[in-house]
Every structure is written in C-alpha cells, then in structure tokens.
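Given the structure is predicted, the values throughout are model-derived calculations rather than measurements.
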Amino acid sequence: MKRFILDTDPGIDDALTILYALASPEVKMEAITVVNGNCPMEQGVINALSVLELAGAVHIPVAKGMDKPLLLPVVNAEVTHGKNGLGYAELPVPRTSPVKEHAVELIHELVMQDPGQINIVAIGPLTNIAMAVRLYPQIVGAVEHIYIMGGAINHCGNMTPLAEFNIYCDPHAASIVFHSGIPFTLVPLDVTYQTLMTAEDLRRFEAIKTPLSDFIVKASRYVMEYLSESQEIMGCALNDPLALAALFKKDLLEISPLVLDVDTNYGVSMGKTFADFYNYEQKPANGDAALDVKARDFVDHFLERMIKLSQ
Ligand code: BDR
Ligand code: CA
C-alpha cells in the first residue's frame with residue numbers, strides 16, 4: 001500500500017481527490033495539508049474538514065499551511081471553484097478542527113517518522129512543500145516521491161496563455177521543489193485536460209441520491225459550466241485526481257524523465273513550466289513528466305471507485 005500526504009487547496013477537483021483517495025484501497029492518506037490556492041487557506045481547511053466529515057473519515061488529520069505564496073501576492077480562483085471553493089455544493093460547518101501543528105511541521109514529522117515510505121501528492125501551489133524543503137532539508141532524502149498536479153508542457157496555460165494555475169500562483173515555490181533533489185513526477189494539463197468527466201457520467205451520480213453523490217454532482221457541475229463557457233471544454237477536468245492516480249496506477253500514464261523547469265521572471269511567461277527535450281543544457285533529468293494518458297480508462301476507473309463510495 002502506498003502511503004501519502006495530500007497537499008491541497010480544496011477546491012472542487014481537490015475535494016474529488018480526497019474522496020477518490022478514500023475510495024482506493026491501494027493508498028493510505030496519512031494527512032491533508034492545506035495551502036492557499038483555489039480559495040484562501042482558512043476556507044480550504046473548512047472544505048477539507050467538511051469533505052472528510054461527509055465521507056465519514058474524520059480520523060484523517062488536517063493541518064493549516066501557508067496562506068500566501070513565497071513572494072507573489074495571493075491569487076485565488078473563485079471564478080472556477082465558486083465563492084466557498086466547492087462550486088454549487090454547500091456542506092455543513094465541520095464539527096472537527098485542524099491539528100495544532102502547521103502543515104510544514106506535520107510534513108516534516110510524518111516524513112521523518114518513516115523515511116523512504118511517505119509520498120506527497122501535491123495538488124495546489126507548492127508553497128508548503130517549498131517551505132518544508134527550506135526549513136527541514138533533511139526531508140529531501142526521506143520523501144519517497146512527489147506527484148505534482150501542475151504545469152503545462154506542450155499545452156497552453158489555463159491561468160495565462162502560458163502558465164497553469166498551481167504553478168502560476170507560486171512559481172518560486174515550484175522552482176525550489178523542482179530543484180530540491182526530491183524525486184518528482186509532474187502531472188500537467190497535457191494529460192489532465194484529456195481526462196474529462198462528462199455530463200453523461202455525472203448523470204450516473206444523480207441517480208444514486210445520497211449526500212455524497214449529491215455533493216459530487218453539485219461541485220462538479222459548477223466547474224463543468226465554467227470550463228464549457230470559458231475554454232469550450234465539455235466536461236469536468238479531473239486534474240487533481242489524475243495526480244493521485246500517478247501514485248498507484250502508473251500504467252495509465254506515459255511518463256518520461258526530463259529536464260524540467262519553470263520561469264520565475266516577472267514577464268509574460270511567468271509560471272510557465274518547460275522541458276528541455278533536446279537537452280540543450282546537457283543536464284541530467286531532474287524529474288518525470290506525464291505527457292500522455294489512457295484518458296477514458298482513467299475516467300472509467302475513477303467513476304467506478306466514486307460510484308461505489310457514493311452508494
Ligand atoms: C489546478 O488548478 C486548480 O484550480 C485545480 O484544483 C488544479 O489543482 C488545475 O490547473
Ligand atoms: Ca487543486
């Protein structure tokens with residue numbers, strides 16, 4: 001079983017990832033660490049706790065993390081994820097609270113308790129992870145692997161013409177993580193924008209009529225409307241769930257070792273991730289990137305898990 005920490009900015013597809021993790025016996029989610037991103041950090045914590053409560057998984061610790069990027073001003077994504085971050089879904093105020101440790105302390109504690117055994121699935125801006133690397137450099141040799149939803153290599157951006165949202169929010173943090181020496185796999189828009197949960201797929205949840213299926217429908221419908229209106233994409237892109245799949249269903253992805261980097265300059269391409277495919281700089285690969293995916297196979301697997309959990 002793969003053990004991991006979910007570092008997240010919940011967020012509609014982040015919430016789906018929490019549920020997908022709970023529905024997958026191949027993985028054990030040790031903790032959820034929250035970062036500013038789709039919504040302000042404090043709201044993200046409320047969302048994480050509410051989703052866990054909805055799924056009956058209040059035993060999973062949730063920690064508050066960084067509430068702003070390392071250098072840049074705060075950016076949130078209300079237009080994509082709605083006012084509270086969960087689209088049309090409104091969950092009751094959680095009865096549980098976050099743990100007292102800061103996300104960065106919790107990451108350090110969990111990783112050093114079991115060196116080489118803990119993965120990180122990072123599905124928001126990389127601020128918490130970069131801070132953990134800087135404050136506790138001993139985690140570099142101790143994290144098993146980081147799976148990052150972020151970037152757009154051969155794909156256009158979804159935040160600017162060139163940059164993907166998570167990396168754009170904190171490119172300096174991304175740069176620290178990419179060059180930290182921790183093995184990582186980037187799961188960029190190139191693959192996540194192929195994995196679409198369609199309106200027809202969503203109708204299968206409508207038929208179930210449980211609080212969980214109702215949540216999935218109300219949250220996903222919001223992002224579906226946004227993507228169809230703003231980007232002519234017909235479906236809910238399963239960005240974050242695909243990053244979790246990279247941890248335990250690698251056969252669905254085509255992954256290549258590459259020299260990967262991010263533009264941290266304050267110009268038109270700030271936050272753009274890129275690969276040195278021809279190795280102009282004659283450097284060894286510093287990470288892996290997923291550049292293709294068996295998209296419908298993944299969506300079917302995801303639906304199977306989520307439908308079972310919802311019933
Ligand atoms: C990423 O940005 C966020 O809005 C999503 O939750 C996902 O992590 C996609 O670009
Ligand atoms: Ca996210």
For residues 202-222, pull every pair meeting salt bridge (charged side-chain N to carboxylate O under 4.0 Å, His left out), keeping only residues two or more places apart or in separate chains.
-> E206-R221, D214-K218
Can you sort out the partners of [X] under ring-ring contact (aromatic ring centres under 6.0 Å, His included), two or more places apart, ordered by chain and number?
{"X": "F274", "result": "none"}
{"X": "H102", "result": "none"}
{"X": "Y193", "result": "H155"}
{"X": "F205", "result": "none"}

Only one of [options] passes side chain to side chain contact (heavy atoms under 4.5 Å, CB included) with [X]; say which it is.
{"X": "N47", "options": "L52, L86, L91, T8", "answer": "L86"}
{"X": "T127", "options": "V177, L72, D170, D7", "answer": "D170"}
{"X": "L189", "options": "T192, V187, V191", "answer": "T192"}

Using atom types as modelled and distance alone, determine if a side-chain donor or acceptor of [X] lies under 3.5 Å from a backbone N or O of [Y].
{"X": "N38", "Y": "G85", "answer": "no"}
{"X": "N166", "Y": "G150", "answer": "no"}
{"X": "K272", "Y": "I153", "answer": "yes"}
{"X": "D114", "Y": "Q117", "answer": "no"}
{"X": "D263", "Y": "N265", "answer": "yes"}
{"X": "K283", "Y": "D276", "answer": "no"}

S24: side-chain hydrogen bond (donor to acceptor under 3.5 Å, both in side chains) partners, not counting sequence neighbours | R305
Roughly how far, to the nearest 0.5 Å, is [atom2] of [Y] from [atom1] of [X]?
{"X": "L202", "Y": "L303", "atom1": "CG", "atom2": "CG", "result": "9.0 Å"}
{"X": "L22", "Y": "M306", "atom1": "CG", "atom2": "CE", "result": "9.0 Å"}
{"X": "Q194", "Y": "F298", "atom1": "CD", "atom2": "CZ", "result": "12.0 Å"}
{"X": "M1", "Y": "R3", "atom1": "CE", "atom2": "CZ", "result": "9.5 Å"}
{"X": "N239", "Y": "D13", "atom1": "CG", "atom2": "CG", "result": "5.0 Å"}
{"X": "L244", "Y": "D240", "atom1": "CG", "atom2": "CG", "result": "10.0 Å"}

Looking only at non-hydrogen atoms, find the nearest pair between G151 and E164 and report the distance.
-> N-OE1, 3.0 Å
[X], [atom1] atom: more than 12 neighbouring heavy atoms under 6.0 Å:
{"X": "Q231", "atom1": "CD", "result": "yes"}
{"X": "R134", "atom1": "CZ", "result": "no"}
{"X": "Y168", "atom1": "OH", "result": "no"}
{"X": "K249", "atom1": "NZ", "result": "yes"}

Any idea how H108 and Y136 line up, ring-wise: parallel (<30°), tilted (30 to 60°), or perpendicular (>60°)?
-> parallel
Where does the angle between the aromatic ring planes of F178 and F184 fall among parallel (under 30°), tilted (30 to 60°) and perpendicular (over 60°)?
-> parallel
Test E53 against R95 for salt bridge (charged side-chain N to carboxylate O under 4.0 Å, His left out), laying out the working first.
-> CA-CA 8 Å; E53 201 166 315; R95 281 171 291 190; 3.0 Å; yes
Looking only at the side chains, is there a donor atom on one of [X] and [Y] sitting less than 3.5 Å from an acceptor on the other?
{"X": "Y147", "Y": "K250", "result": "yes"}
{"X": "D261", "Y": "H179", "result": "yes"}
{"X": "D9", "Y": "N36", "result": "no"}
{"X": "S213", "Y": "T210", "result": "yes"}
{"X": "E144", "Y": "N119", "result": "yes"}

So I216 and L19, side-chain contact (heavy atoms from CB on, under 4.5 Å) or not? Walk me through it.
-> CA-CA 9 Å; I216 293 168; L19 298 175; 4.1 Å; yes
Quick one: do [X] and [Y] end up in the same hydrophobic cluster if we chain Ile, Leu, Val, Met, Phe, Trp and Tyr together by side-chain heavy atoms under 4.5 Å apart?
{"X": "I123", "Y": "I107", "result": "no"}
{"X": "V262", "Y": "L162", "result": "no"}
{"X": "L238", "Y": "I148", "result": "no"}
{"X": "L16", "Y": "L49", "result": "yes"}
{"X": "L106", "Y": "I182", "result": "yes"}

Please assess E78 against K83 for the test side-chain contact (heavy atoms from CB on, under 4.5 Å), listing each intermediate value before the final yes or no.
-> CA-CA 5 Å; E78 199 175 311; K83 202 161 75 57; 3.9 Å; yes
Just do the side-chain contact (heavy atoms from CB on, under 4.5 Å) check on F215 and V51 with the steps written out, would you?
-> CA-CA 9 Å; F215 170 76; V51 170; 4.0 Å; yes
Please test D201 against T198 for side-chain hydrogen bond (donor to acceptor under 3.5 Å, both in side chains), starting from the C-alpha separation and ending with a verdict.
-> CA-CA 5 Å; D201 295 332; T198 65; 3.1 Å; yes
Applying salt bridge (charged side-chain N to carboxylate O under 4.0 Å, His left out), run through K2 and E26 and close with a yes or a no.
-> CA-CA 6 Å; K2 290 278 187 189; E26 300 90 341; over 6 Å; no
Determine, stepwise, if the pair V62 / V45 fulfils side-chain contact (heavy atoms from CB on, under 4.5 Å).
-> CA-CA 7 Å; V62 174; V45 169; 4.2 Å; yes
Is P61 close to I32 at the side-chain level, that is, under 4.5 Å between some pair of heavy atoms?
-> no
